[in-house]
There are 2 protein chains.
Amino acid sequence: MRPKNLEKEEAIRTIALQIIAEEGLENLTMQKLAKAANISPRTIYIKYDNKEDLLVKLFIEEVLGNYEQAILHDFRFDMGFAEGVKKLWLNGFAYFKNNRHAFALIQYGKSSPLLNKAYQQKNIKQGDFFGPIIRFLEHHASAGTIHNFHHDIQRALLFSPLTDLMSEYFDYQERPEQIITEETLLRCCDAVIKGMTK
Amino acid sequence: MRPKNLEKEEAIRTIALQIIAEEGLENLTMQKLAKAANISPRTIYIKYDNKEDLLVKLFIEEVLGNYEQAILHDFRFDMGFAEGVKKLWLNGFAYFKNNRHAFALIQYGKSSPLLNKAYQQKNIKQGDFFGPIIRFLEHHASAGTIHNFHHDIQRALLFSPLTDLMSEYFDYQERPEQIITEETLLRCCDAVIKGMTK
DNA sequence: TGTAAGTAAATAAACATTTACTTATTTTTG
DNA sequence: CAAAAATAAGTAAATGTTTATTTACTTACA
């Protein structure tokens with residue numbers, strides 16, 4: 001039996017992400033993807049059932065999976081609050097800086113009903129993505145370090161500024177000067193910590 | 001000369017927003033829109049040059065324009081910081097609660113390159129959307145009430161949690177209980193205020 | 001040599017946009 | 001002051017293109 005060509009599998013994923021980031025999800029077509037990856041359209045269908053399957057797997061396995069790994073690197077749920085939040089923010093910043101295309105698809109996850117549904121189903125099925133973060137928040141809520149909100153609310157307070165600042169980071173990358181440096185990011189992180197702390 | 005039927009213009013806009021919110025931007029087609037609005041496809045082209053023109057005008061004029069108006073209602077740049085931020089958050093919450101479809105398109109504005117480009121051009125062309133908010137932030141930064149960040153950063157710290165909480169609000173609307181009430185929203189708002197204040 | 005991986009080309013459906021025509025008004029003009 | 005001309009608004013159906021997916025064939029390896 002002829003073995004799978006892993007380079008082609010990889011090319012499908014990276015070029016799909018590239019097209020989505022540069023031209024938008026609405027401009028990704030199977031034929032355009034095949035051409036850009038130098039393969040036949042049929043080859044995509046050997047690895048994915050259909051377009052929806054490709055997008056969902058790309059989002060859940062490739063992007064969210066790697067993001068989860070990256071953001072949890074060296075993180076433990078029993079860290080001090082300020083220390084833990086800074087670790088998460090810096091991990092996230094480092095990951096997104098080097099994975100602009102993944103960031104673009106995550107942004108689509110917040111608007112596209114297809115990806116949003118996939119995300120929610122994944123969350124419901126296997127407990128929660130980012131389990132250690134939820135334990136971290138619950139731990140500090142019950143210890144009285146931070147205010148006692150539902151963890152979906154905590155997550156919004158904790159991560160939404162980071163995501164928005166990443167958008168600004170990429171916007172400013174095409175301009176003469178970058179306003180989002182690691183230093184300003186950490187000052188923003190301090191503001192978020194201060195706000196959440198009792 | 002036969003006069004324009006304003007109901008039809010209105011139908012195009014509201015039904016386009018509905019399709020985008022319910023099925024996604026990538027599933028809005030001119031023929032689907034025409035059918036749902038009970039008009040001929042040609043009628044859309046009397047009012048808009050093409051699909052891109054429709055989407056950009058919908059985003060900039062219909063959605064962002066109304067959002068700006070709503071969020072600035074009874075707001076003045078020389079308000080106290082906490083008072084002003086609460087006003088903005090409550091205005092935003094009230095607007096989005098009643099305009100779920102508009103909220104969906106605004107979310108797409110953060111991912112779709114087409115809408116994102118349109119937004120940036122608009123911002124660059126006519127000064128800034130939300131001018132009073134920028135004056136408000138600059139006023140409090142120079143008065144020393146809040147930390148001195150670039151206003152794009154301030155805007156991220158100020159509004160991104162609200163937007164994320166709105167997403168949660170709509171997600172939870174289909175569940176047995178709503179975790180985002182005006183009360184929890186105001187507690188989150190207090191956290192944001194506390195974080196930004198010196 | 002059997003078999004899954006892969007290709008090029010085809011297919012049928014869906015798409016944005018246009019064509020050729022009809023309708024409902026306003027504005028002349030007889 | 002009616003009625004008919006002028007005209008933009010509107011329609012149904014068609015156009016040519018692009019789309020997701022399949023078919024019929026070829027290739028490379030266990």
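Every chain is numbered from 1, with letters handed out A, B, ... down the list of sequences. Heavy atoms only: backbone and side chains are in, while hydrogens, waters and symmetry mates are out.
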Spacing between A:I46 atom CD1 and D:dT23 atom P, to the nearest angstrom: 14 Å
With nearest nucleotides of DNA chain D determined for B:N38 and A:D49 from heavy-atom distances, which residue corresponds to the more 5′ nucleotide? B:N38
No-H, no-angle donor-acceptor pair, B:R2 side chain to C:dA24 base, under 3.5 Å: no
At less than 4.0 Å, is any side-chain N or O atom of A:K47 found next to OP1 or OP2 of C:dG6? Yes or no. yes
Of the listed D:dA9, C:dG6, D:dT21, the closest approach to the A:P41 side chain comes from D:dT21
Taking atom P of C:dT18 as reference, at what distance in whole Å does atom NZ of B:K51 sit? 15 Å
Roughly, in whole Å, what's the span from CZ in A:R42 to C1' in C:dA9? 13 Å
Whether the side chain of B:S40 and the base of D:dA12 hold a donor-acceptor pair under 3.5 Å is what I'd like checked. yes
State whether a side-chain donor-acceptor pair under 3.5 Å links B:N66 with B:Y95. no
So if I take every side-chain heavy atom of A:T43 and compare against D:dC29, D:dT11, C:dT7, which nucleotide ends up nearest? C:dT7
Expressed as a whole number of angstroms, how long is the span from A:L55:CG to D:dA20:C1'? 12 Å
I need the CG-C1' distance between B:L28 and D:dT19, as an integer number of Å. 16 Å
Pairing donors with acceptors under 3.5 angstrom, does anything connect the side chains of B:Y67 and B:N99? no
Which nucleotide sits closest to the side chain of A:M30: D:dG10, D:dT19, D:dT21? D:dT21
What is the separation between atom NZ on B:K8 and atom C1' on D:dG10, rounded to the nearest whole Å? 6 Å
Heavy atoms from C-beta onward define the side chain here; which of C:dA5, D:dT19, C:dA8 lies closest to that of A:K4? C:dA5
Does the pair B:E168/A:R155 count as a salt bridge with the N-to-O cut at 4.0 Å? no
Can you measure A:Y48 atom OH to D:dA20 atom P for me and round it to whole angstrom units? 16 Å
Under 3.5 Å side-chain donor-acceptor pair for B:E26 and B:Y108: yes
Euclidean distance, atom CD of residue B:Q31 to atom P of C:dA13 [Å, nearest integer]: 15 Å
For the side chain of B:N50, counting heavy atoms from C-beta on, which of C:dT17, C:dA8, C:dA20 is nearest? C:dT17
If the threshold is 4.0 Å, N to carboxylate O, is there a salt bridge linking A:R135 and A:D78? no
Is the phosphate of D:dA12, meaning OP1 or OP2, less than 4.0 Å from a side-chain N or O of B:K35? no
